[in-house]
Structure formats: C-alpha cells, structure tokens
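Positions are given from 1 along the sequence. Computed from a prediction, not measured in an experiment: that's the story for all the values here.
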Amino acid sequence: MKHMPDYTHLDAIDLRLSHERARVLAAKTKKERDWREHNVRMIEAERTAELRFLESKGVKFPSFEEIMSDDQLLAKLGEK
C-alpha cells in the first residue's frame with residue numbers, strides 16, 4: 001500500500017493563518033493591526049517552509065490549472 005503524506009502540520013498552519021488574518025481585520029488599533037500583520041507574515045513564512053519540506057519529501061502540489069481548466073471552472077460555476 002502506498003504511503004499517504006501527512007498534511008496535519010500544514011493544515012494546522014493554514015488554520016492559524018486564517019485565524020490571524022481574521023484578527024487583522026478585527027484589530028481595534030494601529031498597534032494591534034501592525035502586530036497581527038507581523039504575525040501573518042511569520043505564519044506565511046512558516047507555511048512556505050512547510051511546503052518546501054513536504055516537496056523535499058516528494059509531495060507534489062499541483063497548480064489550480066492542473067486540477068481544473070478555466071472552461072471546467074466556468075462550467076462548474078454555471079451548475080445549479
């Protein structure tokens with residue numbers, strides 16, 4: 001049986017990034033917003049490092065275009 005890559009760390013990073021981006025939007029002061037934006041940049045750097053690590057282990061991340069063409073996307077969006 002083929003070994004499936006473990007994405008749990010990447011998933012956790014993505015969740016933290018999502019939460020911190022929401023905190024940027026909810027910031028009440030410039031100081032808080034600056035701090036939250038700094039945190040977002042740090043988490044984005046961590047995410048980039050995690051992607052590089054996974055790719056070094058042979059994990060492939062296809063581009064959106066490799067998954068679905070523009071025509072396929074438009075057709076999906078037009079479905080009801």
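Residues R33 and T29 form no side-chain contact, since every pair of their non-hydrogen atoms from C-beta on lies 4.5 Å or further apart. No side-chain heavy atom of R47 sits under 4.5 Å from any side-chain heavy atom of E50. Counting heavy atoms from C-beta outward, V59 and F53 have side chains that stay 4.5 Å or more apart.
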**OP:** Given side-chain contact (heavy atoms from CB on, under 4.5 Å), test F61 with L10 step by step and report yes or no.
**Re:** CA-CA 12 Å; F61 293 95; L10 181 60; 4.1 Å; yes
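Within a 6.0 Å sphere centred on CG of D70, heavy atoms belonging to other residues, nucleotides or ligands number 12 at most.
Across all their heavy atoms, L17 and I43 have their closest contact at CB-CG2, 3.6 Å.
Taking CG from L77 and CD from E79, the interatomic distance works out to 9.0 Å, rounded to the nearest 0.5 Å. Once rounded to the nearest 0.5 Å, the distance linking OG of S18 with CD1 of I13 reads 13.5 Å.
For the salt bridge (charged side-chain N to carboxylate O under 4.0 Å, His left out) test, no residue two or more places apart in sequence or in another chain qualifies with K60. A search for side-chain contact (heavy atoms from CB on, under 4.5 Å) contacts involving M42 returns H38, not counting sequence neighbours.
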When the side chains of residues 19-27 are checked against the rest of the protein, which donor-acceptor pairs come out under 3.5 Å, sequence neighbours left out?
{"from": "E20", "atom 1": "OE1", "to": "R23", "atom 2": "NH1", "distance (Å)": "3.0"}
{"from": "E20", "atom 1": "OE2", "to": "R36", "atom 2": "NH1", "distance (Å)": "3.1"}
{"from": "E20", "atom 1": "OE2", "to": "N39", "atom 2": "ND2", "distance (Å)": "3.3"}
{"from": "R21", "atom 1": "NH2", "to": "E44", "atom 2": "OE2", "distance (Å)": "2.8"}

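Side-chain atoms of T8 and D6 form a donor-acceptor pair, as typed in the model, at a separation below 3.5 Å.
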